[in-house]
Amino acid sequence: MHGGTWLSHKNAKWMTASIISFVISLYAVTMRTESYFVDEERAYELKATLDMKHRVAELLWGGVLLLLLCLTVKERIDGAVEGTRDVVGRISQNLANGKGGDGLTTKNKSS
């Protein structure tokens, strides 16, 4: 739970992804189990189709989850870069104004 609420945007996104993952996993396991019961000599096309369906479902949803994870990591990196840029900007501005110091605590100094 992020941010202390169940209905936050991030929680809803990941909860939806979890539910869809569970449903797709059930579908893939069902297709795989059904393909084990099909006789390969009598119904090769049906067995191949079932095998293909469960593999395609696993790969496609795995790709979507990978995309979500990459976007989340990118969002975190962008936040860190923005924070670093702000700190470097304050330090550079303080050095340019001749104040010196570390630049981090000059905002809090009143004298």
Side-chain angles (χ1 to χ4, degrees):
M1 192 164 70
H2 179 78
T5 62
W6 282 96
L7 299 176
S8 71
H9 173 70
K10 290 180 181 180
N11 286 338
K13 176 177 74 172
W14 288 111
M15 189 178 297
T16 303
S18 298
I19 291 168
I20 293 171
S21 293
F22 180 72
V23 171
I24 289 180
S25 296
L26 286 178
Y27 172 77
V29 166
T30 303
M31 292 293 118
R32 184 177 293 172
T33 304
E34 288 176 1
S35 77
Y36 290 146
F37 292 117
V38 174
D39 185 17
E40 191 171 338
E41 293 178 10
R42 292 180 152 186
Y44 179 76
E45 288 182 26
L46 177 61
K47 185 171 182 74
T49 301
L50 292 173
D51 283 340
M52 183 183 66
K53 281 184 177 182
H54 84 78
R55 288 176 195 244
V56 166
E58 290 171 350
L59 289 173
L60 285 178
W61 185 245
V64 169
L65 287 179
L66 181 64
L67 178 66
L68 286 175
L69 286 172
C70 288
L71 290 174
T72 301
V73 169
K74 180 191 177 299
E75 186 178 309
R76 297 273 178 143
I77 290 172
D78 288 346
V81 167
E82 184 176 327
T84 304
R85 184 183 64 223
D86 292 344
V87 170
V88 169
R90 282 198 314 254
I91 291 171
S92 298
Q93 187 177 24
N94 287 339
L95 289 175
N97 291 336
K99 291 183 180 179
D102 61 2
L104 298 174
T105 58
T106 54
K107 269 188 159 181
N108 299 332
K109 291 182 182 177
S110 58
S111 53

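Each residue takes its place number in the sequence, starting with 1. These values consider heavy atoms only, across backbone and side chains, with no hydrogens, waters or symmetry-generated copies.
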(request) Please confirm whether the backbone N or O of R32 pairs with a side-chain atom of S35, one donor and one acceptor, at under 3.5 Å? (result)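 Checking the backbone N and O of R32 against the side chain of S35, a donor-acceptor pair under 3.5 Å is found.
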
Run the side-chain donor-acceptor check on residues 79-88: report pairs under 3.5 Å with partners two or more places apart or on a different chain.
residue	atom	partner	partner atom	Å
T84	OG1	A80	O	2.8

(message) Just to verify, what does E34 make a salt bridge (Lys or Arg N to Asp or Glu O under 4.0 Å) with, not counting sequence neighbours?
(response)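 E34 satisfies salt bridge (Lys or Arg N to Asp or Glu O under 4.0 Å) with no residue once adjacent residues are dropped.
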
Compare every heavy atom of [Y] with every heavy atom of [X], then report the nearest pair and how far apart it is.
X: L65; Y: S21; value: CD1-OG, 3.4 Å
X: A28; Y: H54; value: O-CB, 3.4 Å
X: A17; Y: W61; value: O-CZ2, 3.6 Å

What's the spacing between [X] [atom1] and [Y] [atom2] if we round to 0.5 Å?
X: D78; Y: L71; atom1: CG; atom2: CG; value: 10.5 Å
X: R90; Y: Q93; atom1: CZ; atom2: CD; value: 10.0 Å
X: T72; Y: K74; atom1: OG1; atom2: NZ; value: 11.0 Å
X: K53; Y: T30; atom1: NZ; atom2: OG1; value: 12.0 Å
X: D51; Y: Y44; atom1: CG; atom2: OH; value: 8.5 Å

Following the transitive rule for hydrophobic clusters with a side-chain heavy-atom cut-off under 4.5 Å over Ile, Leu, Val, Met, Phe, Trp and Tyr, establish whether [X] and [Y] coincide in one cluster.
X: L46; Y: M31; answer: yes
X: I24; Y: V64; answer: yes
X: I20; Y: L68; answer: yes

(request) Answer yes or no: does atom NZ of K47 have more than 12 heavy-atom neighbours from other residues, nucleotides or ligands under 6.0 Å? (result)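 Buried by this count: over 12 neighbours within 6.0 Å.
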
